[in-house]
There are 4 protein chains.
Amino acid sequence: MKVAVLGATGAVGQRFVQMLHKHPWFEISVLTGKASVGKKYGEAVNWRIESPLPEDVAEIEVQPTDLSSLKGVDLIFSALPSSEAKVIEPEIMKANIPLVSNASALRMEPLVPLIIPDVNPDHLALIEVQRAEGLGPAATDPNCTTTMAVLPMKPLHDKYRVRKVNVCSYQALSGAGYPGVPSYDIVDNLIPYIPSEEEKLVRESRKLLGKFNGETVEMANFQVQATCVRVPVLDGHLVALHLEFDEEVDVDEAKRALSNYVSEPQRMGLPTAPERPIVVREEPNRPQPRYDRWAGEGMSVTVGRVRKGSSKDSLLLLTLGHNTVRGAAGQAILLAELMRAKGYI
Amino acid sequence: MKVAVLGATGAVGQRFVQMLHKHPWFEISVLTGKASVGKKYGEAVNWRIESPLPEDVAEIEVQPTDLSSLKGVDLIFSALPSSEAKVIEPEIMKANIPLVSNASALRMEPLVPLIIPDVNPDHLALIEVQRAEGLGPAATDPNCTTTMAVLPMKPLHDKYRVRKVNVCSYQALSGAGYPGVPSYDIVDNLIPYIPSEEEKLVRESRKLLGKFNGETVEMANFQVQATCVRVPVLDGHLVALHLEFDEEVDVDEAKRALSNYVSEPQRMGLPTAPERPIVVREEPNRPQPRYDRWAGEGMSVTVGRVRKGSSKDSLLLLTLGHNTVRGAAGQAILLAELMRAKGYI
Amino acid sequence: MKVAVLGATGAVGQRFVQMLHKHPWFEISVLTGKASVGKKYGEAVNWRIESPLPEDVAEIEVQPTDLSSLKGVDLIFSALPSSEAKVIEPEIMKANIPLVSNASALRMEPLVPLIIPDVNPDHLALIEVQRAEGLGPAATDPNCTTTMAVLPMKPLHDKYRVRKVNVCSYQALSGAGYPGVPSYDIVDNLIPYIPSEEEKLVRESRKLLGKFNGETVEMANFQVQATCVRVPVLDGHLVALHLEFDEEVDVDEAKRALSNYVSEPQRMGLPTAPERPIVVREEPNRPQPRYDRWAGEGMSVTVGRVRKGSSKDSLLLLTLGHNTVRGAAGQAILLAELMRAKGYI
Amino acid sequence: MKVAVLGATGAVGQRFVQMLHKHPWFEISVLTGKASVGKKYGEAVNWRIESPLPEDVAEIEVQPTDLSSLKGVDLIFSALPSSEAKVIEPEIMKANIPLVSNASALRMEPLVPLIIPDVNPDHLALIEVQRAEGLGPAATDPNCTTTMAVLPMKPLHDKYRVRKVNVCSYQALSGAGYPGVPSYDIVDNLIPYIPSEEEKLVRESRKLLGKFNGETVEMANFQVQATCVRVPVLDGHLVALHLEFDEEVDVDEAKRALSNYVSEPQRMGLPTAPERPIVVREEPNRPQPRYDRWAGEGMSVTVGRVRKGSSKDSLLLLTLGHNTVRGAAGQAILLAELMRAKGYI
């Protein structure tokens with residue numbers, strides 16, 4: 001399938017390019033940008049990925065982000081900033097070009113499924129509702145921090161029903177895009193505010209763990225409180241979860257539920273699916289960004305310090321994942337794989 | 001008053017030396033150490049304070065940490081590691097030499113007051129109970145993270161009664177002492193575990209906000225859940241508090257309660273007391289360690305992002321303070337000032 | 001004297017504002033900017049200085065950087081980017097408003113003195129040549145790295161005549177302005193290239209140590225080779241100098257020449273002059289940015305590890321100074337003080 | 001071949017273990033330590049390598065570093081601290097167990113070859129001199145910074161004869177071992193002194209580029225001046241070289257000599273030999289530690305910014321390599337491969 005990446009020069013766009021380059025199903029056909037339109041990608045991009053920019057991709061000419069650039073494309077990945085996504089993504093839906101977006105613009109639209117492929121693959125059925133309206137197919141994946149929180153919440157919610165969750169995040173620099181956070185602001189410092197991040201976590205987690213009733217997604221009704229902080233780490237969001245459940249929790253049972261968890265991507269053997277979506281570590285001082293962000297080639301979330309809280313129905317843990325792989329481009333690619341495997345695209 | 005500093009070469013010990021050097025009431029008379037006994041302090045210490053080591057202090061010969069070194073001293077400050085404090089501090093209490101300790105050894109002892117001078121100065125009356133037993137006077141100040149959390153909890157607890165608090169910390173490197181955290185472990189990384197820190201926070205906060213009934217301190221009965229993480233910041237602990245109260249909370253009223261809060265150290269005009277123990281900032285992205293750790297010359301705690309949680313009785317905020325000043329040496333010195341002003345020493 | 005600061009919202013501009021705020025001779029009257037024209041300074045600036053923005057300065061309305069904004073001003077400090085300075089600074093010279101510029105635009109102009117006040121104050125006499133042409137008075141101070149290198153070279157050049165110098169720099173983030181270096185580029189990394197920096201060092205050092213012959217400055221004729229590298233340090237440029245001289249060097253004599261060095265600013269007791277422009281340290285591991293950048297309130301350069309090279313006429317040392325104080329705003333203010341004290345403005 | 005790693009729990013020791021684990025010729029048989037003797041390696045080591053500790057190695061019991069532990073071993077790699085190496089390595093030579101050491105103890109011994117396999121493989125013939133004395137075979141590889149400097153010096157020395165070199169280093173944290181540099185010393189800071197490092201660079205570079213005359217190595221007689229600085233980077237030493245030659249230098253010719261350079265390890269196709277020992281980059285801002293340290297799987301040195309100095313016979317460049325791979329364990333393994341391929345072991 002010929003694919004386009006919208007917003008291909010940014011931090012997430014670069015990660016799409018890197019992960020799509022050797023993909024068995026997808027072939028990069030169109031890369032779009034803004035200031036860099038008309039340049040070769042290799043000249044337009046300030047390549048910030050740990051492995052070198054593939055030479056053939058470097059030769060692709062950057063196109064403007066509009067429908068005319070997207071003719072003949074079989075699938076679109078969007079890594080656009082929200083303001084641009086708001087304009088073009090609805091047009092793409094009307095043009096019936098398959099879209100998988102990592103942008104926040106459409107995530108909360110009732111017609112658009114918000115998917116973590118290993119959490120709520122059944123929500124993809126919303127695409128049939130889109131089809132009835134002559135739209136799509138389109139799907140979105142959530143904010144990076146939401147992903148790190150919700151993936152381990154899923155098996156626990158299945159077992160004990162989450163009632164409330166207190167979330168504190170320790171978020172990496174690449175999550176702010178590129179150039180992102182000025183170095184002078186973050187050396188020997190923290191920034192305890194990330195615009196809209198806490199709100200996204202609150203609403204997206206409730207949609208992700210909500211129930212698709214055949215027509216729409218009913219939001220899960222647990223409470224979420226969040227504090228999001230930027231820290232001087234390159235990649236890998238660490239998230240502390242203080243969970244309260246409807247039922248009493250057993251720590252060992254919870255750990256087993258986490259480490260044994262598999263879902264459709266694993267059962268279908270999708271190319272980008274990690275063997276285990278959730279890795280549980282027993283060392284007292286893990287997960288750590290530098291040592292755990294590449295678990296499952298960046299697609300696994302690592303959970304550690306699973307322990308009792310101050311009441312029987314409470315559980316505390318830390319979760320960590322690579323924010324531009326599992327938290328963005330990698331998850332969007334996995335979502336596209338799932339859509340194709342299930343015949344939606 | 002002639003004072004001794006026990007454990008004077010460590011990170012907190014150095015801060016004691018710096019702050020005591022120009023103190024109007026106290027004069028450094030004895031410095032103790034372990035490996036460095038017999039050396040001049042200037043040769044023994046790897047001075048890591050931002051201002052130069054005072055030359056006269058550099059000439060003091062380091063003594064062993066035992067009672068014989070402490071003869072003729074009017075007041076002892078302890079910056080010992082817990083294991084050493086457990087041995088010598090009870091001996092000091094028996095020898096009736098006034099002791100103010102930043103070590104954790106005696107903090108939870110029923111006979112020993114655990115004090116934040118601007119929070120629970122009335123608990124000092126426990127010293128009368130000590131006296132009846134022929135001990136002391138001795139007092140302790142809490143763990144650094146506990147201090148950052150409890151100082152802003154105090155006016156809110158007075159007003160709304162804390163029922164539960166979820167705490168996540170972002171703790172600076174100097175909190176681990178010196179040499180402390182190896183650089184290879186923390187560049188581009190976080191360490192999501194600080195031994196005993198979460199337990200200290202749980203128990204110390206309940207003693208600090210407990211009630212002295214004339215004989216003993218009755219622990220406050222709120223719940224505390226904590227996750228403590230080391231981050232690559234030099235000084236200044238940032239702490240996220242997600243508070244639940246018995247009563248409905250009004251954000252503006254809460255802010256006023258925080259910023260108007262004063263206590264005995266302020267009313268008595270103690271030399272090390274900050275004008276305002278709690279500074280409230282309105283900017284969306286504060287407090288930040290590098291810009292706020294020196295508020296009130298390192299003795300104020302800065303609170304920001306005071307906001308509603310997911311229910312009426314819930315309040316979220318961030319608090320930050322200098323961990324070796326307000327969180328350790330500075331607070332211990334303020335405590336000694338309070339003890340003297342109230343006639344306990 | 002009423003002063004203007006051109007480019008007041010940038011990293012150097014902010015330092016000017018901070019240092020001028022309490023200055024005994026100068027009073028901030030006009031602040032200019034570009035995107036922020038018409039806003040109050042407090043709203044326009046992203047204040048990145050360690051002490052709070054003075055409230056009265058925050059109220060000043062930002063003006064455009066043109067002559068009409070500068071009427072009635074007695075002295076102009078320029079912290080403009082080079083491209084803007086090239087346009088406005090010659091106009092200011094023609095308008096005969098006294099100008100002290102930290103921009104690079106005019107530094108190498110034959111009519112304009114390039115001055116380190118404690119190195120070549122006599123070059124100020126070039127202003128008389130300007131006057132004869134109906135221009136000025138205007139003077140410039142050099143690039144930050146050049147300053148750190150040339151200040152300690154001066155007494156050594158006087159004594160032994162520099163023949164060649166190999167320079168390697170370790171330059172702080174604030175030297176790149178604000179927002180400057182993206183954090184993702186410099187955490188766990190170095191950037192071994194700073195555009196134009198090496199060329200500035202080569203030509204400016206030869207002008208600074210050149211000879212004013214009554215009409216023009218004859219460049220000193222030593223060779224300079226430089227490699228400039230950006231490192232993850234907030235403030236303080238460290239510079240390694242490998243010096244070769246015409247004459248044999250004695251290490252102890254060289255150290256004495258460095259630490260005893262004083263010049264006109266010291267003799268005149270100018271307000272911003274440090275007592276000692278060069279501080280020599282004997283510890284094997286100094287100077288270090290975090291511990292030495294504030295020497296002499298940021299106006300002293302700290303020299304360490306003075307040692308023999310591989311031949312008799314060779315000397316190796318490290319020098320460090322605060323790049324936005326001694327290396328930019330502070331030095332420009334000291335230069336203005338010198339110009340006033342000598343009657344040039 | 002059954003191999004032992006002496007000092008296996010340190011930073012370089014761990015790198016040996018990781019690189020030897022899948023080696024086609026060598027099999028880890030003995031691991032030695034000091035405080036950890038008797039423990040399983042997995043429990044003894046604080047594993048700081050980016051990939052997980054191999055499970056079978058984790059089970060190996062740590063032995064004391066003495067001859068009795070080394071019976072039956074075919075080859076010994078030493079990652080010992082110098083003080084320990086001084087004692088045991090001469091004993092190993094007498095016992096005629098093949099030794100490849102990364103320790104500094106024997107490097108300058110006349111009987112012991114100091115080898116960069118791609119620079120001076122012919123010096124291995126010194127082993128025949130050893131044999132005549134009943135010693136060895138033993139060989140050493142140089143200090144990490146020396147390696148980064150000398151590898152690119154080799155083809156330039158061949159072509160133009162080095163007369164003098166000024167070296168400034170920007171050295172990574174892992175070079176100080178583990179725990180190494182305390183984090184509080186290096187966040188927002190630099191340490192401009194690394195004990196003995198400059199002296200090693202001076203003497204080792206002259207031995208490496210010296211001439212083996214059949215009996216001994218005649219030192220090359222160029223001058224070396226060095227300043228070595230520790231910077232807050234995890235891995236990868238960056239080194240600035242300011243070279244002076246006997247002959248006039250052509251930049252393009254020099255670049256070709258560098259990028260075309262191959263030596264015996266390449267010609268023999270040794271398993272750990274990189275295809276190109278020297279990678280030349282043309283971008284103005286490379287090499288950078290984070291992006292270039294893994295060139296050639298950590299075995300290539302990356303050279304950039306090759307440019308003219310201030311005279312015809314002068315050339316400036318930057319060189320960078322992974323300090324624990326090319327600069328230590330990887331190079332020692334390559335050296336062992338060379339020794340075996342040439343029949344010395």
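Chain identifiers are assigned alphabetically (A, B, ...) following the order of the sequence lines, protein sequences preceding nucleic acid strands; residue numbering begins at 1 within each chain.
For residues 186-205 of chain B, no pair satisfies ring-ring contact (aromatic ring centres under 6.0 Å, His included), with sequence neighbours left out.
For B:Glu283, the side chain to side chain contact (heavy atoms under 4.5 Å, CB included) criterion is met by B:Arg281, B:Asn285, B:Arg286, not counting sequence neighbours.
Between B:Gln225 and A:Lys308 the shortest side-chain heavy-atom distance does not fall below 4.5 Å. Side-chain atoms of B:Ile186 and A:Gln288, non-hydrogen and from C-beta on, never get closer than 4.5 Å to each other. Counting heavy atoms from C-beta outward, A:Tyr170 and B:Cys168 have side chains that approach closer than 4.5 Å.
Taken from NZ in A:Lys164 to CD in B:Glu244, the straight-line distance is 3.5 Å, to the nearest 0.5 Å. Taken to the nearest 0.5 Å, the CG atom of B:Asn166 stands 11.0 Å off from the CG atom of A:Leu241. Taking CG of B:Leu190 as the start and CZ of A:Arg290 as the end, the distance is 10.5 Å to the nearest 0.5 Å. Annotation: the span from A:Ile191 atom CD1 to B:Leu238 atom CG amounts to 11.5 Å, rounded to 0.5 Å.
Note: A:Val229 leads A:Leu173, A:Val229, A:Asp185, A:Val231 in heavy-atom pairs under 4.5 Å with chain B. Among B:Ser314, B:Ala226, B:Pro289, B:Gly309, the residue making the largest number of heavy-atom pairs under 4.5 Å with chain A is B:Pro289. Ranked by heavy-atom pairs under 4.5 Å with chain A, the list B:Arg230, B:Arg293, B:His242, B:Arg307 is led by B:His242. Contact count versus chain B (heavy atoms, under 4.5 Å) is highest, among A:Gly236, A:Pro195, A:Pro287, A:Gly304, for A:Pro287. Interface remark: of the candidates B:Ser310, B:Ala172, B:Pro284, B:Ser310 forms the most heavy-atom pairs closer than 4.5 Å to chain A.
For B:Val167, the part sitting under 4.5 Å from any heavy atom of chain A is the backbone (N, CA, C, O) and nothing else. For B:Leu318, the part lying under 4.5 angstrom from a heavy atom of chain A is the side chain only. Of the two parts of A:Leu316, only the side chain, counted from C-beta on, holds a non-hydrogen atom closer than 4.5 Å to a non-hydrogen atom of chain B. At a 4.5 Å heavy-atom cutoff, B:Val202 makes no contact with chain A through either its backbone or its side chain.
Other residues, nucleotides and ligands contribute over 12 non-hydrogen atoms within 6.0 Å of the CD atom of B:Glu253. Within 6.0 Å of CZ on B:Arg161 lie no more than 12 heavy atoms contributed by other residues, nucleotides or ligands. Under a cut-off of 6.0 angstrom, the local environment of CG in A:Asn221 is sparse, with at most 12 non-hydrogen atoms contributed by other residues, nucleotides or ligands. Counting non-hydrogen atoms of neighbouring residues, nucleotides and ligands closer than 6.0 angstrom, the CZ atom of A:Arg163 exceeds 12 such neighbours.
Remark: the backbone N or O of A:Val233 is not paired with any side-chain donor or acceptor of B:Asp188 at under 3.5 angstrom.
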